[in-house]
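Please read all numbers here as calculations on a predicted model, not as lab measurements. Every chain is numbered from 1, with letters handed out A, B, ... down the list of sequences.
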Protein chains: 2
Amino acid sequence: MEKFKLYDAEYKFTSIIWDNEPINSTKLVRLCADKLGWKKSTTYTVLKKLCDRGILQNQDAVVTALVKREDVQKYESNTVVEKSFDGSLPKFLTAFLDERKITEKEAEELKKIIEEAVK
Amino acid sequence: MEKFKLYDAEYKFTSIIWDNEPINSTKLVRLCADKLGWKKSTTYTVLKKLCDRGILQNQDAVVTALVKREDVQKYESNTVVEKSFDGSLPKFLTAFLDERKITEKEAEELKKIIEEAVK
DNA sequence: AAGTATGGTTTATCCAGATAGACCTAAGGG
DNA sequence: CCCTTAGGTCTATCTGGATAAACCATACTT
């Protein structure tokens, strides 16, 4: 699943694409200049790298994503739980919610998500 | 909270200390050679850096942690949710639990943790 | 014909994380 | 006295992520 590993800059960049795909490459250059402060060549360099890795696609100046945001998110969530929490979701939740208060409504939403996962 | 940011190698290293503190520095060198394959100088270099950053402490050859594992975990969990999930815990949970099944008992444990956080 | 915008590649720089080699001092043992 | 061990610093190398400069070809505009 190393396919879904995105570094910080790559993630921000890919996010822009997810939000705007399909997007013309020149427009993407402008967007990145705007949102990330990148020069044209930077955008093309990163774009090419991600295309080579099979994460993005650039065909006839139209850029699209080959992997879904959800897949990367899934990878991210699993990675952090594994790496920092012994693979334990309860440990993760405990750490995240420590000193953090949520409303009844938010709690309901979370519980619903959990119940959906019960086999 | 940048204080709690640990890079991969630093995290593994600090984990060893959390598991063994207080620990004599020479023993730590041996442990790291064993578990991480590090040379003595590598251990001391990383140790010094983390001491400078106020994360560890090395006094009279006794190494201890100044920040708790829980604090780093809290930072990690918050960071990933912010960076990859718009700060939304439900989004995180959904991604994590996607295609993953949990038992009734695990669900109960999770719900309990959630209820504790309701203000 | 000259200028300009589009779409892109190749190569390079810079910096930081990861790792280690060389070297140093003080204390204790034979 | 020499040697070893403990405890540690300073400096260096290697690698990869982040960013960009320079350069190029094609097509459209004036």
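Atom pair A:D8:CG and C:dC15:P shows a separation of 19 Å (rounding to whole Å applied). Note: CH2 (A:W38) to P (D:dA18) measures 8 Å, nearest angstrom. To the nearest angstrom, P of C:dG17 lies 16 Å from CZ of B:F13. Atom pair A:K48:NZ and D:dG17:P shows a separation of 16 Å (rounding to whole Å applied). D:dA6 atom C1' lies 14 Å from atom CG of B:L47, rounded to whole Å. Remark: P of D:dG17 and CG of A:L50 are 11 Å apart, rounded to the nearest angstrom. A:K5 places its NZ atom 13 Å from the C1' atom of D:dG16, with the value rounded to the nearest Å. Rounded to whole Å, atom C1' of D:dA20 lies 14 Å from atom CG of A:L36.
Taking the six-membered ring for Trp, A:F92 and B:F92 have ring centres closer than 6.0 Å.
Taking side-chain N and O atoms only, A:T45 has no distance below 4.0 Å to OP1 or OP2 of C:dT10. Put simply, B:T42 has a side-chain N or O that comes within less than 4.0 Å of OP1 or OP2 on C:dA20. Side-chain N/O atoms of B:S41 include none lying less than 4.0 angstrom from OP1 or OP2 on D:dG8. OP1 and OP2 of C:dT9 both lie 4.0 Å or more from every side-chain N or O belonging to A:Y44. Close to C:dG17, at under 4.0 Å from its OP1 or OP2, lies a side-chain N or O of B:K49.
With B:E10 as the partner, the side chain to side chain donor-acceptor pair (under 3.5 Å) test is satisfied by one option alone out of B:K5, B:R53, B:K49: B:R53.
Judged by distance alone, the side chain of A:Q73 and the main-chain N or O of B:S84 form a donor-acceptor pair under 3.5 Å. A donor-acceptor pair under 3.5 Å is absent between the side-chain atoms of B:T42 and the main chain of B:W38, judged by distance alone.
Among the atoms of the strands shown, base atoms are found under 4.0 Å from some heavy atom of A:K40. When heavy atoms are screened at a 4.0 angstrom cut-off, A:K27 is found touching no nucleic acid atom at all. Residue contacts for B:D60: at a heavy-atom cut-off of 4.0 Å it reaches no nucleic acid atom on any strand shown.
The line from CG of A:L93 to NZ of B:K112 is 14.5 Å long, rounded to the nearest 0.5 Å.
The nearest heavy atom of DNA chain D to A:G37 and to B:A61 marks one nucleotide each, and the one closer to the 5' end goes with B:A61.
Relative to the side chain of B:K39, the nucleotides D:dG8, C:dG21, C:dG8 differ in distance, and C:dG21 lies closest. Among the nucleotides D:dG8, D:dA18, D:dA21, the one closest to any side-chain atom of A:E10 is D:dA18.
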